[in-house]
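First the structure, in the form of structure tokens, and then the observations on it.
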Protein chains: 2
Amino acid sequence: MIPETLLIEYNATLKTFDKDEIIFSEGEFARNYYQVKHGIIKMNNFNDDAKEFIQGIFYKRQSFGEPPLFIDVKYPANATAIEKSTIYILPKEKFYELLQNNKEVHFKITESLAKRLYYKAIIASEISSQEPSHRILRFFDYLKNDVFKQEGKFTLKINYTRQQISDILGLRVETVIRTIKQLEKQGEVKIENRKVYR
Amino acid sequence: MIPETLLIEYNATLKTFDKDEIIFSEGEFARNYYQVKHGIIKMNNFNDDAKEFIQGIFYKRQSFGEPPLFIDVKYPANATAIEKSTIYILPKEKFYELLQNNKEVHFKITESLAKRLYYKAIIASEISSQEPSHRILRFFDYLKNDVFKQEGKFTLKINYTRQQISDILGLRVETVIRTIKQLEKQGEVKIENRKVYR
DNA sequence: TAAACTTTATGATTATAGTCATAACATTAT
DNA sequence: ATAATGTTATGACTATAATCATAAAGTTTA
């Protein structure tokens with residue numbers, strides 16, 4: 001999102017995290033800006049029963065965990081590598097400087113926060129309800145229409161495990177499995193070699 | 001949030017909306033920046049059963065509905081006046097111009113989006129679960145610690161009806177009433193003249 | 001190549017949040 | 001001052017998502 005040349009110009013460091021390694025934890029103060037060079041990162045919480053909730057998943061070139069850099073709060077979630085990942089790290093002060101000096105980058109950061117708020121708004125009204133089929137379909141449609149921007153029937157392959165879908169939507173994995181089977185019966189999704197298509 | 005003098009300098013118009021009047025609807029394209037001069041605005045969705053979900057409530061000097069101005073999407077929720085309200089309205093193009101010309105205002109907008117993302121992150125991990133007591137307490141604690149910044153026991157009076165709490169947290173009003181009663185028994189909240197204190 | 005681990009899947013049971021009905025109390029409108 | 005409306009509250013009942021147990025299939029590791 002922030003061009004690599006610019007990150008390098010501002011002396012961002014590169015660090016490699018192993019699969020499952022923690023980048024930062026819920027409750028810590030934010031000190032750095034983070035951007036994925038390659039790999040996949042998730043931000044998550046665990047409830048009292050150690051049930052995981054995934055706040056978001058971040059891929060190559062995407063940043064994560066910026067909101068606390070702009071307001072005086074601690075991280076509301078952990079950040080963990082889903083696979084071995086390499087991350088750009090820029091200290092908070094340098095990040096501010098970079099934004100002050102690069103108006104167009106600031107607009108990109110604002111756009112990124114706007115996208116995440118849009119996603120949260122869509123998901124929030126669904127995950128508060130008692131209807132797993134709605135939750136799941138709304139999430140799939142968000143991926144299809146807003147993220148991958150695809151048309152046609154069953155053109156989008158859902159690249160999440162049932163377990164990941166359950167963690168994102170706050171459902172039990174058994175509920176996700178049964179509901180997807182049900183949605184297949186209703187013609188809403190297709191399952192092929194255990195993969196789901198919307 | 002944006003100083004009124006600056007809004008006026010950019011020719012923002014003032015419009016008054018009656019209680020329950022709609023400012024914009026879910027699915028519309030965003031054309032304007034909105035900021036409350038006085039009154040209270042809510043953004044909400046209705047599900048298939050006409051059950052309301054409140055995405056956020058906005059008070060004097062706060063803006064609402066900006067994310068779609070930065071990304072190419074339609075409004076994910078409606079905006080409605082909770083009471084008679086007067087709103088500044090600035091067309092999208094003028095809003096961009098204002099941000100381009102006023103870096104410090106852009107930082108304030110970014111901060112505002114960051115605050116909302118923080119709130120959504122906190123609420124999301126709770127409202128997806130099956131525990132109304134957690135949902136309610138987490139929401140009260142967010143109000144106490146992050147919004148009103150109060151300390152001590154039962155110092156915060158919760159200025160929301162049970163119905164509003166149920167709409168914000170995606171619960172049935174009966175569930176909210178019973179759960180708050182239960183939390184009183186556990187010493188987590190105090191109820192005085194039907195008002196809740198945390 | 002086989003063991004270990006992860007993912008997907010199914011069946012049976014249950015706790016609970018929702019649903020429906022009803023009513024007391026408070027506030028607002030006439 | 002009274003009727004209408006909104007808010008809070010309670011009781012009884014039910015559908016369902018969670019829970020628990022178990023296992024088949026696929027992937028990863030040694």
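Because the structure is a prediction, the values reported are computed rather than measured. Proteins come first, then strands; the chains are lettered A, B, ... in the order of their sequence lines, and each starts at number 1.
Looking only at atom types and distance, the side chain of A:R162 has no donor-acceptor partner in the side chain of A:S166 under 3.5 Å away. Side chains of B:K120 and B:Q55: a donor on one and an acceptor on the other come within 3.5 Å.
Rounded to a whole Å, the CG atom of A:D167 is 12 Å from the P atom of C:dT8. Rounding to whole angstrom units, CZ of residue A:R178 and C1' of D:dA18 are separated by 9 Å. Atom NZ in B:K181 sits roughly 9 Å away from atom C1' in D:dT10 (whole-Å rounding). D:dA9 atom P lies 11 Å from atom CD1 of B:I165, rounded to whole Å. Whole-Å rounding puts the B:I177 CD1 to D:dG6 P distance at 16 Å. The CD atom of A:E184 sits 14 Å away from the P atom of C:dT8 (whole-angstrom rounding). Counting to the nearest Å, the P atom of D:dG26 and the CD atom of A:Q163 are 19 Å from each other. Rounding to whole angstrom units, CZ of residue A:R162 and P of C:dA9 are separated by 4 Å.
When the side-chain nitrogen and oxygen atoms of B:T161 are compared with OP1 and OP2 of D:dT7, none of them lie within a distance under 4.0 Å.
Between A:E26 and A:K74 there is no salt bridge, since no side-chain nitrogen of the basic residue lies less than 4.0 Å from a carboxylate oxygen of the acidic one. Salt bridge A:R135/A:E131: absent, no basic N to carboxylate O contact under 4.0 Å.
With DNA chain C read from its 5' end, the first of the two nearest nucleotides for B:T179 and A:Y160 is the one closest to A:Y160.
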Where do N or O atoms of nucleotides 23-29 of chain C meet protein N or O atoms at under 3.5 Å, pair by pair?
{"from": "C:dC25", "atom 1": "O4'", "to": "B:R194", "atom 2": "NH2", "distance (Å)": "3.4"}

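Note on A:F148 and A:Y59: same hydrophobic cluster, where clusters join Ile, Leu, Val, Met, Phe, Trp and Tyr whose side-chain heavy atoms are under 4.5 Å apart, directly or indirectly.
Ring pair A:F95/A:F70 is perpendicular by interplanar angle, where above 60° counts as perpendicular and below 30° as parallel.
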